[in-house]
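Input: a single structure, listed below in C-alpha cells.
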There are 2 protein chains.
Amino acid sequence: MMSVTIKDIAKAANVSYATVSRALSGHSEISDKTKKKIRKLAKEMGYTPNAIAKGLVTKNTKTLGFIVPDITNPFFPEVAQGVEDCANRNGYQVFLCNTSWKLEKEKQYLKALYGKRVDGIVVSPTSNDITHLVEADRNKVPVVFAAYRPAIADCNFVATDDYKSAEIAAEYLLKLGHRKIAYIGGQQESCTNKYRLKGYTDVLKKHDISLSPSYIKHGAFRQQSGYQLTKELLIANDVPTAILAGNDIIALGVIQAIEEFGLDVPNNISVVGFDDISFASLDKVQLTTVFQPKYTTGELCVEVLLQKIKDGDQNPTHKMLEPELVIRRTCKGI
Amino acid sequence: MMSVTIKDIAKAANVSYATVSRALSGHSEISDKTKKKIRKLAKEMGYTPNAIAKGLVTKNTKTLGFIVPDITNPFFPEVAQGVEDCANRNGYQVFLCNTSWKLEKEKQYLKALYGKRVDGIVVSPTSNDITHLVEADRNKVPVVFAAYRPAIADCNFVATDDYKSAEIAAEYLLKLGHRKIAYIGGQQESCTNKYRLKGYTDVLKKHDISLSPSYIKHGAFRQQSGYQLTKELLIANDVPTAILAGNDIIALGVIQAIEEFGLDVPNNISVVGFDDISFASLDKVQLTTVFQPKYTTGELCVEVLLQKIKDGDQNPTHKMLEPELVIRRTCKGI
DNA sequence: GCTAGAAATTAAAACGTTTGCGGCATTATG
DNA sequence: CATAATGCCGCAAACGTTTTAATTTCTAGC
C-alpha cells in the first residue's frame, strides 16, 4: 500500500519535484505543455496529494471541527448539515465529534482537533464550563459557539434568542388561559436552559403569577429525562394545565408520560417544546414548539469562522437569530 | 497564534529535541529526572503535539473516516455512535462525512479522507456504484461497508440480513391474513433495497400470491418519498391492505399519506418498516418494524477495521447480524 | 548574432515530528 | 585499573509537500 508521491512523478516525468508541485497546484508560472504532461502522468499513476504533508508547510489544513453534545438529537444533525454544506462550499472539510454530554470527552476532542491543526472549531458546548474552549480561542485556534450564548462577552457565537423563545411560548400559553404552567428543563447549569427558564419566569412574574417551585424541574436534554420528571410531576397533587419542555426531545418524553398516566394532550395538559425538530411535524405528533433556525445556525457559524480565519480578526462576533412560534396540536385553550 | 513546538521546549530545557520527543512519548530510554523536567516544562509552555507532523513520519494518523448517506435519518447517528465509541476506546478519532445521497460527494469525501491519510474508512454507500470504494480498499486504505452487503465478494462488511428481515416482515403480514401487500422502497438500485425486495417477493411467491407490479414502488429512503409514493398508490383503484416500507423513515411518510387520505393505520392498512429508529417506539407512533442492531453494526465495523489495520490482512471479513421483528401497533389481522 | 529581459525550471530550505545509530558517561565486571 | 556493559542522550535523516531565490532557457529586438 505504498502511495505515489510527488517525487515519483518527478522522476517519471524527468523534472524537479518543484515543477510537479506547481503543475498540480496550478497557481504558479509554468508552461502549458509540461503542466498537461504532468497532470496526465499524475492521473495515470493514481496520485493523491498528501494533505498532511501539505498542511505541515502551508500551516492550514482546510479542515474544521464541529463538536456536538448529542448526535442522537435530530437538532444537531440539522445544524451539522448547515455546517457541512457551508464548509464544503468553501473548500473545507469537517470533523464531526460527539461528546455524549461528557465534558471530559469535549476536552479530549478539543485537544485532538487542535493536535490535528484544524483551522477552526465550531462547538455546541456540553456544559457551562467553557474555559478550555475560550482558552483555545484566545491562544490556538478560532472557535465559535453554535446555538449557545456564552456568559462571557468576548466569544464568537451564533444563537437563537432563548430568552425570547421562552417568552413567546409562555405568552402563548397564557393567552390560551393557562395559569398553572410547569417547566421541565434540561441540564440546569446550561446557558440555553438558564435563558429559557428566565424567559419563562419573567413572563409569569409580569402577569403576577406565583411560581410554584415544584413546577420547575431539571434533568437532561433527553426524552427519558422528560418522561421521568413528568411522572414525578403528575404524581404530586397539584397537576399543571400546561408544560413548557426544555426542548422537543424532552417534550416527546413529557407527552409519553402524560398519556401513560391516562391523561390527554392537549385536552388535559398542553405541551410546548423548543427547536422544531423534523419529527415534531409528524402527523402523529404535531408538536407545538418554538422554531429555531438550525440549518442557518450551522451555516452562519462557518461563515464567521472563515472570516476569522481569513483576516485573523480577534474581535468577537455575535449573531442572534429569531425564534418563531409554530402552533400545532399539543396546546389548547382552557 | 504561534504554537509551541518540540524545539522550543528543547531550547528551554537545554537538550536536543530528540530527547524531548522521547520524554513526551515515553516509550524510549530516558532518565526519570529529565523526563519529569521536560514534561513539566511542556505543560507550562502549553505544548500540544502536532499530530500532523507526527503522522507524516509515523505513517499513521490514528484517524478513521465514516461516510454516511444521510445524517438526518436517525438510523445513521446511531451507527455513528457505535463507530465513535469503539474508535475512541482504541485511541482513534473519526471523521464523520455526510453525502446527502450524492455519489459525487461520496467520491469527493473518499479522496479527501485518503488525502488526510486516515488509517481506515467505514462507509455506508450512497449507491450501488462502489467501484471507487473497492479500488481504494485494494490500493490505498482498508475500508469496511456498514449496513450494506456488496454484490462483490471480496469486500469487508457488517450488515444485517436484509433478505431475512423482509422475509420476517412479509411472513408476519401473511400470518395476519393479508394478501394484498404493497412495497414502498427506497433507491431501487441500492443493495439494501434489492435484498429487501427479494425477500418480500420470494415470500409472496412461496405462498402463491401473485405480485401486482403496481404494488411495487421505488423512490428514496426519505419520508417525503414514502409519502408521495403512497399517495400514488392510494389514488389507484386497487388499494392494498398492508404496506411494507423500505425503512422506518419511509414508513412514517407512508402513514402520513394514509391518514391524510382519510384512512386509518392499522384498521384500514397495516404498515411495517425496517430499522427500528428511536422514534418508532414513541407512544404516538408505535411503528411495527424489523429491528436492526445499529450500534453494534458501528462497533463491529471499527473492530474489523482495526484488525485489518493492525495485521494488514487482506482477506475479506463478513459479518451478518440478525434482524428481529418488533411488533407494535401499526399492523392488524384481517 | 548578441544581448536584455521574460519565462520556465531547479535547488534547497522549511514545516514539526520520530527514530536508528553513534558517542559519551557511568557503572559493573574481571 | 582496564575493559565491557549499560544507560542517556545528541546527531541527522526522513516523511511529502510548498515556496523563495537562483539559475537556466527561451524570445525578441536590434
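Lettering follows sequence order; numbering is per chain, from 1.
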Review point. Does A/Ser31 place a side-chain N or O at less than 4.0 Å from the phosphate oxygens OP1/OP2 of C/dT9?
Key: yes

Practice item. Considering just the side-chain nitrogens and oxygens of B/Ser21, establish if one lies under 4.0 Å of OP1 or OP2 belonging to C/dT18. Key: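 Yes, within the criterion.
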
**Study point:** Heavy atoms of other groups near B/Lys105 NZ, more than 12 under 6.0 Å
**Key:** yes

Point to revise | B/Leu64, B/Ile121, B/Leu305 screened by side chain to side chain contact (heavy atoms under 4.5 Å, CB included) with B/Val141, the one that passes | key: B/Ile121

Using a 4.0 Å heavy-atom cut-off, does [X] contact any base of the nucleic acid, only the sugar-phosphate backbone, or nothing at all?
| X | value |
| --- | --- |
| B/Thr34 | sugar-phosphate |
| B/Thr5 | sugar-phosphate |
| A/Thr19 | base |

Check your understanding: Using 30° and 60° as the class limits, which term best fits the ring planes of B/Phe95 and A/Phe95: parallel, tilted or perpendicular?
Key -> parallel

Point to revise | Base of D/dG10 paired with side chain of B/Arg22 (donor-acceptor, under 3.5 Å) | key: yes

Practice item. Verify whether one side chain among A/Thr160 and A/Lys294 offers a donor that lies under 3.5 Å from an acceptor in the other. Key: no

Exercise for review: Answer with yes or no whether the side chains of B/Asp129 and B/Thr131 bring together a donor and an acceptor at under 3.5 Å.
Suggested key: yes

Exercise for review: Determine to 10° how strongly the helix from C/dG1-D/dC30 to C/dG30-D/dC1 is bent, judged from the axes of its five-pair ends.
Suggested key: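 Rounded value for the end-axis angle: 50°.
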
Review point. Looking at DNA chain D, which of residues 46-61 of chain B put a heavy atom within less than 4.0 Å of it?
Key: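 Going residue by residue through residues 46-61 of chain B, the ones with a heavy atom under 4.0 Å of DNA chain D turn out to be B/Leu56, B/Val57, B/Lys59.
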
